[in-house]
There are 2 protein chains.
Amino acid sequence: MRSEVDVFREFLAHKEMRFTPEREAILAEVFAEHDHFDVEELIMRLRQKGQRISRASVYRTLALLVASGLVQEVFYEDGHMHYEHIYGHDHHCHLRCLGCRSIVEFRDPAVEEAEKRIGRGHDFATTGHRLDIYGYCRQCREKKE
Amino acid sequence: MRSEVDVFREFLAHKEMRFTPEREAILAEVFAEHDHFDVEELIMRLRQKGQRISRASVYRTLALLVASGLVQEVFYEDGHMHYEHIYGHDHHCHLRCLGCRSIVEFRDPAVEEAEKRIGRGHDFATTGHRLDIYGYCRQCREKKE
DNA sequence: TTGATATTGAGAATCAATCGCAGATGAGAT
DNA sequence: ATCTCATCTGCGATTGATTCTCAATATCAA
Ligand SMILES: [Mn+2]
Ligand SMILES: [Mn+2]
Ligand SMILES: [Zn+2]
Ligand SMILES: [Zn+2]
């Protein structure tokens, strides 16, 4: 499998855009760990590594990463968008604890199958889906008692 | 089944809040038709019926309607939140056309079952879910050819 | 009526996200 | 290496949704 760097390079080349140091650093940081981050967190992490990239460039690059399919918007919460890298991971959905806000990823064939079936039933050519399941994790349930 | 008015009245009474003319008008308008609206649309509809309610009150009342469970946030798009009334409807999810932005509602037992099963498998006490399926409707597919 | 409390509307404030633009940068071309 | 010129970046200003503040108003109970 090609690296995310190669994918992004190619995506940019195709649009006659440059693979700049800023874009490279942001890409690297986004793929440095697998989690669900927001712009503020991303900027902080870059800072801690000595990278001083402007907010505007972070937003601009994130938009490019989403357009390229390497990254996706996961959810809008606390008044702003959250992202995760998805290249190299197979499609998954999220269980979200309403207590501690923790997130558990899961993969489920029945859900994948449901997408196709429901699409067929309504004459939609489906391209994907997003499923969030809400609830309370064990810890939060025990805490409440 | 109790009317949404009764439910809201009771909800407000329980919090020692008043059922004002403004809240009544907003509630009525939200339940006047079943669709997926945003704050701007709601204000416009109220205007057209001669209601002149401040933006702040619309936002405040919408928050109360969500808290009461009569209304839910459906999706965040175009930079702002969209809502729908849900009281009196059984739970449903959405098929969303990426071409014309049209929305089709569907109910599917397999998805309901998946919520429970996945919750059990990860020791989550689930309270609900949100599933959006993306794709292209027939019209949009034909248009593209 | 009166007093206590809740509510409203208007505008200010907040905050994420986007924009405009002047100067910086980078990939050729010479 | 230098020149050229389109692309980029950072800064600051701007936009737009949502929330907040607060003075004036409305409601309820006594
Ligand atoms: Mn994830
Ligand atoms: Mn709906
Ligand atoms: Zn939890
Ligand atoms: Zn369509």
Side-chain angles (χ1 to χ4, degrees), chain A residues 5 8-30 36-47 49-68 71-84, chain B residues 5 8-30 36-47 49-68 71-84:
Chain A
V5 176
F8 197 36
R9 282 194 124 100
E10 187 170 316
F11 172 84
L12 290 171
H14 183 66
K15 307 188 72 170
E16 302 185 53
M17 298 178 84
R18 297 172 186 158
F19 186 63
T20 64
E22 288 82 2
R23 289 174 181 161
E24 181 170 16
I26 292 167
L27 174 66
E29 192 51 49
V30 163
H36 308 89
F37 61 90
D38 59 28
V39 169
E40 218 50 43
E41 286 165 20
L42 181 54
I43 288 173
M44 283 310 138
R45 286 191 209 162
L46 287 162
R47 282 258 169 88
K49 300 196 178 170
Q51 303 282 355
R52 194 56 55 94
I53 299 173
S54 76
R55 189 170 306 276
S57 287
V58 171
Y59 274 106
R60 286 185 288 230
T61 301
L62 224 26
L64 292 171
L65 289 171
V66 169
S68 74
V71 168
Q72 78 178 349
E73 300 182 336
V74 245
F75 44 75
Y76 183 86
E77 183 148 301
D78 300 322
H80 53 265
M81 188 57 70
H82 294 248
Y83 306 82
E84 70 180 335
Chain B
V5 176
F8 197 37
R9 282 195 125 100
E10 187 170 315
F11 172 84
L12 291 171
H14 183 65
K15 308 188 70 170
E16 303 185 53
M17 297 178 86
R18 296 171 185 158
F19 187 64
T20 65
E22 288 81 2
R23 288 174 181 160
E24 181 169 16
I26 292 167
L27 174 67
E29 192 52 49
V30 163
H36 307 90
F37 61 91
D38 60 28
V39 169
E40 218 49 43
E41 286 165 19
L42 181 53
I43 289 175
M44 283 309 137
R45 287 191 209 160
L46 287 163
R47 282 258 169 87
K49 300 196 178 169
Q51 303 281 353
R52 194 55 56 95
I53 299 173
S54 75
R55 188 172 304 276
S57 286
V58 172
Y59 274 105
R60 286 185 289 231
T61 301
L62 224 26
L64 292 171
L65 290 171
V66 169
S68 73
V71 168
Q72 76 178 349
E73 301 182 336
V74 244
F75 43 75
Y76 184 85
E77 183 149 300
D78 300 322
H80 53 264
M81 188 55 69
H82 294 248
Y83 305 82
E84 71 179 336

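Given the structure is predicted, the values throughout are model-derived calculations rather than measurements. When reading the values below, keep in mind they use all heavy atoms of this one structure, side chains included, and skip hydrogens, waters and symmetry mates. In the text below, chain A, chain B and the rest are named by the order of the sequence lines, each starting its count at 1.
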**Message:** Quick check on D:dG10: is either OP1 or OP2 less than 4.0 Å from any side-chain nitrogen or oxygen of A:Ser57?
**Reply:**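 Yes, because at least one side-chain N or O of A:Ser57 sits under 4.0 Å from OP1 or OP2 of D:dG10.
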**Item:** Those residues that, when tested against B:Tyr76, pass ring pair (Phe, Tyr, Trp, His ring centres under 6.0 Å) (two or more places apart)
**Value:**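 Listed in chain order: A:Tyr76.
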**Prompt:** Hey, where on DNA chain C does chain A first and last touch, going 5' to 3'? Cut-off is any atom under 4.0 Å from a heavy atom.
**Reply:**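 Using the under 4.0 Å cut-off, the span is C:dA16 to C:dG26.
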**Asked** For A:Glu22, what residues pass the side chain to side chain contact (heavy atoms under 4.5 Å, CB included) criterion, not counting sequence neighbours?
**Response**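 A:Thr20, A:Ile53.
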**Request:** List for me each residue that meets side chain to side chain contact (heavy atoms under 4.5 Å, CB included) alongside A:Glu24, sequence neighbours excluded, and say none if there are none.
**Result:**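 A:Glu24 satisfies side chain to side chain contact (heavy atoms under 4.5 Å, CB included) with A:Phe19 once adjacent residues are dropped.
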**Request:** For A:Arg47, enumerate each residue passing the salt bridge (Lys or Arg N to Asp or Glu O under 4.0 Å) test, keeping only those at least two apart in sequence or located in another chain.
**Result:**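 A:Arg47 satisfies salt bridge (Lys or Arg N to Asp or Glu O under 4.0 Å) with no residue once adjacent residues are dropped.
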**Request:** Could you run through nucleotides 18-27 of chain D and give me one letter per nucleotide, 5' to 3': B if any protein heavy atom sits under 4.0 Å from the base, S if only the sugar-phosphate is that close, - if neither?
**Result:** BBBB----BB
**Qualifying salt bridge (Lys or Arg N to Asp or Glu O under 4.0 Å) pairs with a residue from residues 57-67 of chain B, counting only residues at least two apart or across chains** =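 Of all non-adjacent pairs touching residues 57-67 of chain B, none passes salt bridge (Lys or Arg N to Asp or Glu O under 4.0 Å).
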**Request:** Hey, could you give me each pair passing salt bridge (Lys or Arg N to Asp or Glu O under 4.0 Å) that has a residue in residues 73-82 of chain A? Not counting sequence neighbours.
**Result:**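 Checked against salt bridge (Lys or Arg N to Asp or Glu O under 4.0 Å) - neighbours excluded - the pairs reaching residues 73-82 of chain A are A:Glu77-A:Arg96, A:Glu77-A:Arg101.
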**Request:** Please state how far atom CG in A:Leu64 lies from atom P in D:dT7, giving the value in whole angstrom units.
**Result:**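 Between P of D:dT7 and CG of A:Leu64: 14 Å.
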**Request:** Check the distance between D:dT9's C1' and A:Leu12's CG and give it to me in whole angstrom.
**Result:**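 Spelled out: CG on A:Leu12 to C1' on D:dT9 is 15 Å.
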Distance-only check: which donor-acceptor pairs under 3.5 Å involve side-chain atoms of residues 9-17 of chain B, not counting sequence neighbours?
unit_1	atom_1	unit_2	atom_2	d
B:Glu10	OE1	B:Arg2	NH1	2.7

**Request:** Compare all side-chain heavy atoms of B:Val39 with those of B:His80 and state whether any distance is below 4.5 angstrom.
**Result:**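 They are not in contact (no side-chain heavy atoms under 4.5 Å apart), so the answer is no.
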